[in-house]
Colleague: 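Please find one structure pasted underneath; my questions will follow.
These values consider heavy atoms only, across backbone and side chains, with no hydrogens, waters or symmetry-generated copies.
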Amino acid sequence: MEMATQNPIQHFSTDQLNHLQDQLNGMHLPWLAERRQHALSRFIETGFPGRKHEEWRYTPTRDIEKHDFKPVTSPTLVDTNVILKHQISNALTLVFVDGFFQPDLSRIDTSALPVTVTNLASALDQFPDLVETHLDSINQNHHGFCYLNSAFFNDGLFVHIPEFTALDIPIHVIHAGSTSDAMISTRNLVIAEQDSSCHIIETWISNDTPRLTNSVTEMIAADNARIEMNNIQDQGNNSYHISTTWSQLANSAQLTHHGFNFGGQLVRNDINTLLGNNAKCRHSGLTVTRHNQHIDNHLRIEHLYPEASSQVLYKNIADDKSRAVFQGCIVVHKDAQQTDSNMSNPNLLLSNDAIINTKPQLQIDADDVQCAHGVTVGELEQSALFFLRSRGLDEHTARNILTFAFANETIQDITSTELKSMVLDKLLTHFPQSAIRVDWL
């Protein structure tokens with residue numbers, strides 16, 4: 001007798017959205033309610049992406065489909081000491097627990113600053129026209145998780161930097177997960193006007209209970225604006241984390257994006273950047289997997305106009321029976337002459353059972369360009385291990401020193417000394433048998 005399987009799409013229906021109308025922020029705005037309904041309809045049509053989709057063939061979503069994750073209507077309690085442990089001093093701090101803004105744990109007094117830094121729910125009330133103009137303006141909803149976020153997002157970060165304004169204080173967003181079997185949908189919107197700048201740090205933490213985090217971020221940089229983004233993902237062992245980031249850079253705008261992935265059971269980061277004339281972007285990332293983790297970084301950069309440059313450095317370290325994936329695609333459109341682009345993906349295997357999949361791509365339709373990509377996958381060099389062992393180090397310490405040396409290049413890109421130390425501490429927890437100290441690195 002054939003067993004019937006439950007259709008995961010039935011978990012997310014129009015009836016469920018209608019039931020949550022009173023809980024979801026912004027439902028009093030007709031344009032947003034209409035967008036939510038449209039996104040939900042599109043999700044029901046398309047469903048979750050899976051291995052039948054070329055860009056998702058390395059990332060199985062069937063485990064997510066098996067779980068009955070539900071939108072959270074109210075947050076549970078969280079250990080405030082965990083929040084304080086992750087806070088960056090001298091920063092504007094926004095704390096979200098299960099996707100809900102926690103003003104008592106946040107520090108966002110901008111009364112003396114000519115900027116707007118708040119949660120998206122407040123922005124929908126205070127600046128509805130500004131949010132309507134920019135929300136979904138660059139997010140192309142190119143897979144089911146994006147549609148699901150657009151239908152069920154409740155809150156997130158909202159930043160508006162006026163023209164000719166440089167915000168010297170970092171903006172730190174801490175997302176803490178606590179509720180089991182929760183679907184947490186966060187939405188971030190960052191608007192940097194002409195000749196403005198800001199630095200955003202986003203930290204993801206949670207306990208080990210199962211949950212699905214589905215986040216979408218849109219960052220819009222006008223002419224000559226500069227945005228720096230650091231994203232640190234260190235969620236619990238049973239967390240599923242899907243993140244989509246869209247960045248649009250106008251003429252001479254600049255984006256620096258650093259991504260660090262340590263936690264989570266299954267993680268997928270989609271990073272999409274659209275470059276205008278003479279725009280510049282630098283993407284770097286470090287992923288460390290162990291046990292049976294699966295972390296996939298999918299990067300797509302589109303050169304739309306001439307004289308733009310893009311630099312990519314993503315490193316993977318895989319141990320035990322884990323899998324790390326990097327898919328990078330640089331697209332140079334026919335009008336994007338004098339493009340300068342370079343993509344590098346070095347990978348380190350620490351176990352015979354670990355797997356690393358890498359797929360770099362260049363799609364070039366212009367003829368006056370300088371584009372290159374390189375990939376390496378290998379183990380620790382035996383000659384280097386022998387050298388360190390001959391100096392009196394035990395094998396564990398020698399292997400870890402070489403592993404840290406491999407990872408350190410991406411960490412050195414962090415401009416905040418405090419954040420750099422925090423990321424190094426997280427890296428060290430993956431090698432508890434090591435006697436290495438942070439100040440050696």
Side-chain angles (χ1 to χ4, degrees), residues 25-26 32 86-88 90-96 99-103 105-139 149-150 153-175 185-204 215-232 243-250 253-259 271-274 279 281 415-416 419:
N25 290 311
L32 184 54
H86 287 85
Q87 283 189 350
I88 301 296
N90 192 31
L92 299 173
T93 305
L94 293 86
V95 177
F96 295 87
F100 287 83
F101 179 57
Q102 305 295 307
L105 300 176
S106 304
R107 304 179 310 216
I108 53 171
D109 183 9
T110 59
S111 57
L113 301 171
V115 301
T116 300
V117 178
T118 187
N119 59 316
L120 184 59
S122 297
L124 285 168
D125 290 332
Q126 300 175 30
F127 317 104
D129 294 339
L130 185 62
V131 176
E132 181 181 5
T133 299
H134 293 284
L135 192 71
D136 279 327
S137 63
I138 56 176
N139 172 34
N149 177 278
S150 293
F153 79 85
N154 192 56
D155 210 347
L157 171 69
F158 177 83
V159 175
H160 180 226
I161 311 296
E163 59 183 11
F164 307 109
T165 301
L167 180 60
D168 297 327
I169 305 174
I171 302 167
H172 189 196
V173 187
I174 300 175
H175 300 274
S185 302
T186 61
R187 191 60 170 263
N188 301 324
L189 180 60
V190 179
I191 307 164
E193 303 287 4
Q194 178 181 349
D195 288 279
S196 67
S197 64
C198 63
H199 178 197
I200 299 169
I201 302 167
E202 194 170 27
T203 302
W204 299 88
S215 173
V216 173
T217 297
E218 292 178 280
M219 296 190 291
I220 303 163
D223 292 351
N224 205 38
R226 298 179 303 282
I227 299 176
E228 179 178 353
M229 165 70 87
N230 298 102
N231 195 294
I232 300 92
S243 172
T244 305
T245 300
W246 284 92
S247 303
Q248 179 176 275
L249 310 185
Q254 299 181 32
L255 170 68
T256 302
H257 188 283
H258 306 304
I271 302 169
N272 308 274
T273 304
L274 311 175
C281 72
T415 57
S416 167
L419 180 63

Colleague: Does Ala121 offer a backbone N or O that forms a donor-acceptor pair with the side chain of Asp155 under 3.5 Å?
Modeller: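 Confirmed, Asp155 side chain pairs with Ala121 backbone.
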
Colleague: Before you tell me yes or no, could you show the steps for Asn272 and Thr244 under side-chain contact (heavy atoms from CB on, under 4.5 Å), namely the whole-Å CA-CA distance, both residues' side-chain angles and the distance that decides it to 0.1 Å?
Modeller: CA-CA 8 Å; Asn272 308 274; Thr244 305; 4.1 Å; yes

Colleague: Output the distance between atom CD (Glu163) and atom CG (Asn224), rounded to the nearest 0.5 Å.
Modeller: 12.0 Å

Colleague: Using 0.5 Å steps for rounding, measure from the CG atom of Leu92 to the CG atom of Asp109.
Modeller: 8.5 Å

Colleague: Do the rings of Phe101 and Phe96 sit parallel, tilted or perpendicular, given the 30° and 60° boundaries?
Modeller: tilted

Colleague: Would you say Glu228's side chain and Arg226's backbone share a donor-acceptor pair under 3.5 angstrom?
Modeller: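 No, because the side chain of Glu228 does not come within donor-acceptor range (under 3.5 Å) of the backbone of Arg226.
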
Colleague: Are the side chains of Phe158 and Ile191 in contact, using a 4.5 Å heavy-atom criterion?
Modeller: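 Yes, their side chains come closer than 4.5 Å.
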
Colleague: With rounding to the nearest 0.5 angstrom, report the CD1 to CG distance, Ile227 to Leu249.
Modeller: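 Output value for this atom pair is 7.0 Å.
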
Colleague: Could you list the residues that satisfy side chain to side chain donor-acceptor pair (under 3.5 Å) with Ser243, not counting sequence neighbours?
Modeller: none

Colleague: With distance as the sole criterion, is a donor-acceptor pair present between the side chains of His199 and Asn230 under 3.5 Å?
Modeller: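 Yes.
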
Colleague: What is the minimum heavy-atom distance between Arg107 and Asn90, and which atoms define it?
Modeller: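 Shortest heavy-atom contact: NH2-N, 4.4 Å.
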
Colleague: Can a donor-acceptor pair be found between the side chains of Glu202 and Asn231 at a distance below 3.5 Å?
Modeller: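 Yes, side-chain donor-acceptor contact under 3.5 Å.
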
Colleague: If we only count heavy atoms from C-beta on, is the Thr116 to Phe127 side-chain gap below 4.5 Å?
Modeller: yes

Colleague: Do Leu135 and Leu32 come within less than 4.5 Å of each other through their side chains, counting heavy atoms only?
Modeller: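 They are in side-chain contact.
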
Colleague: Working to the nearest 0.5 angstrom, can you tell me the gap between His86 NE2 and Thr203 OG1?
Modeller: 7.0 Å

Colleague: To the nearest 0.5 Å, tell me how far Ile174 CD1 sits from Thr93 OG1.
Modeller: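 Going from CD1 on Ile174 over to OG1 on Thr93, the span is 6.0 Å.
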
Colleague: Tell me, do Asn139 and Ser150 make a side-chain contact under 4.5 Å, heavy atoms counted?
Modeller: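 Heavy-atom side-chain distance check passes, below 4.5 Å.
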
Colleague: Return the minimal non-hydrogen interatomic distance between Glu193 and Pro162, and the atom names on each side.
Modeller: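 It is CB-C, 3.7 Å.
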
Colleague: Check whether any side-chain N or O of Glu218 sits under 3.5 Å from a backbone N or O of Asp136 as a donor-acceptor pair, and report yes or no.
Modeller: yes

Colleague: Indicate yes or no for a side-chain donor-acceptor contact from Thr133 to the backbone of Val131 under 3.5 Å, with no hydrogens or angles considered.
Modeller: no

Colleague: Which pair of non-hydrogen atoms, one from Ala250 and one from Ala279, has the smallest distance, and what is that distance?
Modeller: O-CB, 3.7 Å

Colleague: Are any side-chain N or O atoms of Ser106 and backbone N or O atoms of Val95, one a donor and one an acceptor, separated by less than 3.5 Å?
Modeller: yes

Colleague: For Leu124 and Gly26, which heavy atoms make the closest approach, and how far apart are they?
Modeller: CD1-CA, 3.9 Å

Colleague: How long is the straight-line distance from CG of Leu120 back to CG of Leu94, given to the nearest 0.5 Å?
Modeller: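 Answer for the CG-CG pair, Leu94 versus Leu120, is 11.0 Å.
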
Colleague: Using the side-chain contact (heavy atoms from CB on, under 4.5 Å) rule, take Leu167 and Thr110 through it: C-alpha gap first, then chi angles, then the decisive distance, then the call.
Modeller: CA-CA 11 Å; Leu167 180 60; Thr110 59; over 6 Å; no

Colleague: Taking all non-hydrogen atoms of both residues into account, name the closest pair between Ala91 and Ile169 and its distance.
Modeller: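 Taking every non-hydrogen atom into account, CA-CG2, 3.6 Å.
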
Colleague: For the side-chain contact (heavy atoms from CB on, under 4.5 Å) test, which of Ile200, Thr217, Thr245 pairs with Asn188?
Modeller: Thr217

Colleague: Has the side chain of Asn154 got a donor or acceptor atom that lies under 3.5 Å from a matching backbone atom of Asn25?
Modeller: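 Checked: pair present.
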
Colleague: Can you see which heavy atom on Leu105 is nearest to which on Gln87, and at what distance?
Modeller: O-NE2, 3.3 Å

Colleague: Can you list everything that forms a side chain to side chain donor-acceptor pair (under 3.5 Å) with Asn149? Sequence neighbours excluded, please.
Modeller: Arg187

Colleague: Decide whether Thr186 and Ser215 meet the rule of one side-chain donor and one side-chain acceptor closer than 3.5 Å.
Modeller: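 The answer is yes; a qualifying pair exists.
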
